Amino acid sequence: MDYSAADTGTGTGTGQHVAIELGRLLGPLRRAVLRATRNAEGLPDLPEAQIALLRALSAAPEGLAPREVAARLRVAPSTVSNLVRTMTAAGLVQRVPHPHDLRTVTLTASAAALQLLERYDSASTATLARASDELPAADRAALTAALPALDRLLLTLERQGPAVVRQQQHTAREGRDISAGSAD
């Protein structure tokens with residue numbers, strides 16, 4: 001697509017155009033980086049969800065409760081349970097029982113998982129650096145200039161996440177209330 005004619009923020013439809021193009025590019029870009037990273041270093045084929053869980057656990061060396069992991073990753077607790085089951089069997093996640101309440105566990109990344117994550121990060125950085133070096137200077141400059149805006153977009157989306165969920169729940173409740181009222 002020719003992006004030179006794209007609306008730069010002064011006309012109508014800017015947000016929609018940017019949203020369409022980001023949506024179209026981000027998923028494939030993320031998967032391409034992961035695939036190239038794995039191939040470059042012969043890394044195991046960990047799904048993105050497992051890598052995300054390892055990132056969350058590596059950011060909290062003291063460990064996290066499963067519900068905290070679910071909140072950080074913005075996924076259902078059942079998703080975390082399934083990931084933990086698989087990753088515990090693979091030796092990537094450790095379930096540490098609470099000393100006074102055996103029903104409660106803390107999740108930590110194993111030493112092997114932390115080493116693997118470090119290899120993924122190192123390989124990913126090298127892969128992106130090599131690919132970026134192949135781009136024209138103007139593209140590299142555009143990517144550099146876009147980084148602060150992408151960071152702000154991420155923060156905005158993270159702030160909106162809980163508000164959007166609350167709005168959807170509120171709308172769903174209103175719909176049920178209206179439906180229940182019309183049955184009378």
Side-chain angles (χ1 to χ4, degrees), residues 19 22-23 25-132 146-173 176:
L22 279 173
L25 291 169
L26 288 178
L29 178 62
R30 188 180 65 245
R31 288 187 296 276
V33 169
L34 189 55
R35 188 173 37 257
T37 297
R38 288 175 183 143
N39 292 340
E41 296 296 321
L43 291 163
D45 189 14
L46 290 181
E48 288 180 58
Q50 289 186 11
I51 294 171
L53 176 63
L54 291 179
R55 284 195 196 295
L57 294 177
S58 72
E62 71 286 351
L64 295 170
R67 68 181 168 0
E68 292 172 312
V69 173
R72 286 186 185 200
L73 298 180
R74 295 196 173 145
V75 298
S78 60
T79 300
V80 172
S81 294
N82 291 334
L83 286 169
V84 168
R85 186 177 315 109
T86 300
M87 295 174 75
T88 300
L92 298 173
V93 172
Q94 298 169 331
R95 297 169 47 93
V96 181
H98 188 278
H100 304 295
D101 183 358
L102 297 179
R103 296 170 297 171
T104 304
V105 297
T106 299
L107 304 174
T108 60
S110 70
L114 293 174
Q115 289 174 346
L116 187 60
L117 187 58
E118 187 176 308
R119 285 180 58 208
Y120 264 95
D121 288 345
S122 176
S124 177
T125 298
T127 298
L128 282 167
R130 280 191 305 274
S132 295
L147 291 175
L150 290 170
D151 193 38
R152 289 187 299 273
L153 178 61
L154 173 62
L155 292 173
T156 299
L157 289 168
E158 287 177 343
R159 278 194 314 269
Q160 287 179 351
V164 170
V165 169
R166 283 192 303 273
Q167 179 60 39
Q168 289 170 341
Q169 291 170 339
H170 178 73
T171 302
R173 278 193 304 273
R176 283 194 303 271

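None of these values were measured; they are calculated from a predicted model.
Heavy atoms only, all atoms of each residue included: Thr127 and Ala40 are closest at OG1-CB, 4.0 Å. For Ala113 against Ala109, the heavy-atom pair with the smallest separation is CB-CB, 4.3 Å. In terms of heavy-atom proximity, Ala56 sits nearest to Leu73 at CB-CD2, 4.2 Å. The minimum heavy-atom distance linking Arg74 with Glu158 is given by the pair NH2-O, 2.7 Å.
Side-chain contact between Val69 and Leu57 is present, with heavy atoms from C-beta onward closer than 4.5 Å. In this structure, Tyr120 and Leu46 have side chains that are in contact, with non-hydrogen atoms separated by less than 4.5 Å. Between Leu116 and Pro44 the shortest side-chain heavy-atom distance falls below 4.5 Å. Taking 4.5 Å as the limit, every side-chain heavy atom of Val84 sits out of range of all side-chain heavy atoms of Val105.
Proximity of a side-chain donor or acceptor of Thr156 to a complementary backbone N or O of Arg152 within less than 3.5 Å is detected.
Leu107 CG to Leu54 CG: the interatomic distance, rounded to the nearest 0.5 Å, is 11.0 Å. Distance check: Leu155 CG to Gln160 CD gives 11.5 Å after rounding to the nearest 0.5 Å. One distance of note links CD of Gln115 with CG of Leu92; it measures 11.5 Å at 0.5 Å rounding. Taking CZ of Arg31 as the start and CG of Leu26 as the end, the distance is 10.0 Å to the nearest 0.5 Å. Put simply, CZ on Arg130 and OG1 on Thr125 are 10.5 Å apart, with the number rounded to the nearest 0.5 Å. Going from atom CG of Leu34 over to atom CG of Leu29 covers 11.0 Å, rounded to the nearest 0.5 Å.
Remark: Arg95 engages no residue in a salt bridge (charged side-chain N to carboxylate O under 4.0 Å, His left out) (not counting sequence neighbours). Arg103 meets the salt bridge (charged side-chain N to carboxylate O under 4.0 Å, His left out) test with Asp101; sequence neighbours excluded.
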Decide salt bridge (charged side-chain N to carboxylate O under 4.0 Å, His left out) for Glu41 and Arg119; before the verdict, give the C-alpha distance in whole Å, the side-chain angles of both, and the deciding distance to 0.1 Å. CA-CA 8 Å; Glu41 296 296 321; Arg119 285 180 58 208; 5.4 Å; no
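A side-chain contact (heavy atoms from CB on, under 4.5 Å) with Val93 holds for exactly one of Thr108, Leu83, Leu53; it is Leu53.
Listed by first and then second residue, the side-chain hydrogen bond (donor to acceptor under 3.5 Å, both in side chains) pairs involving residues 56-73 amount to none (not counting sequence neighbours).
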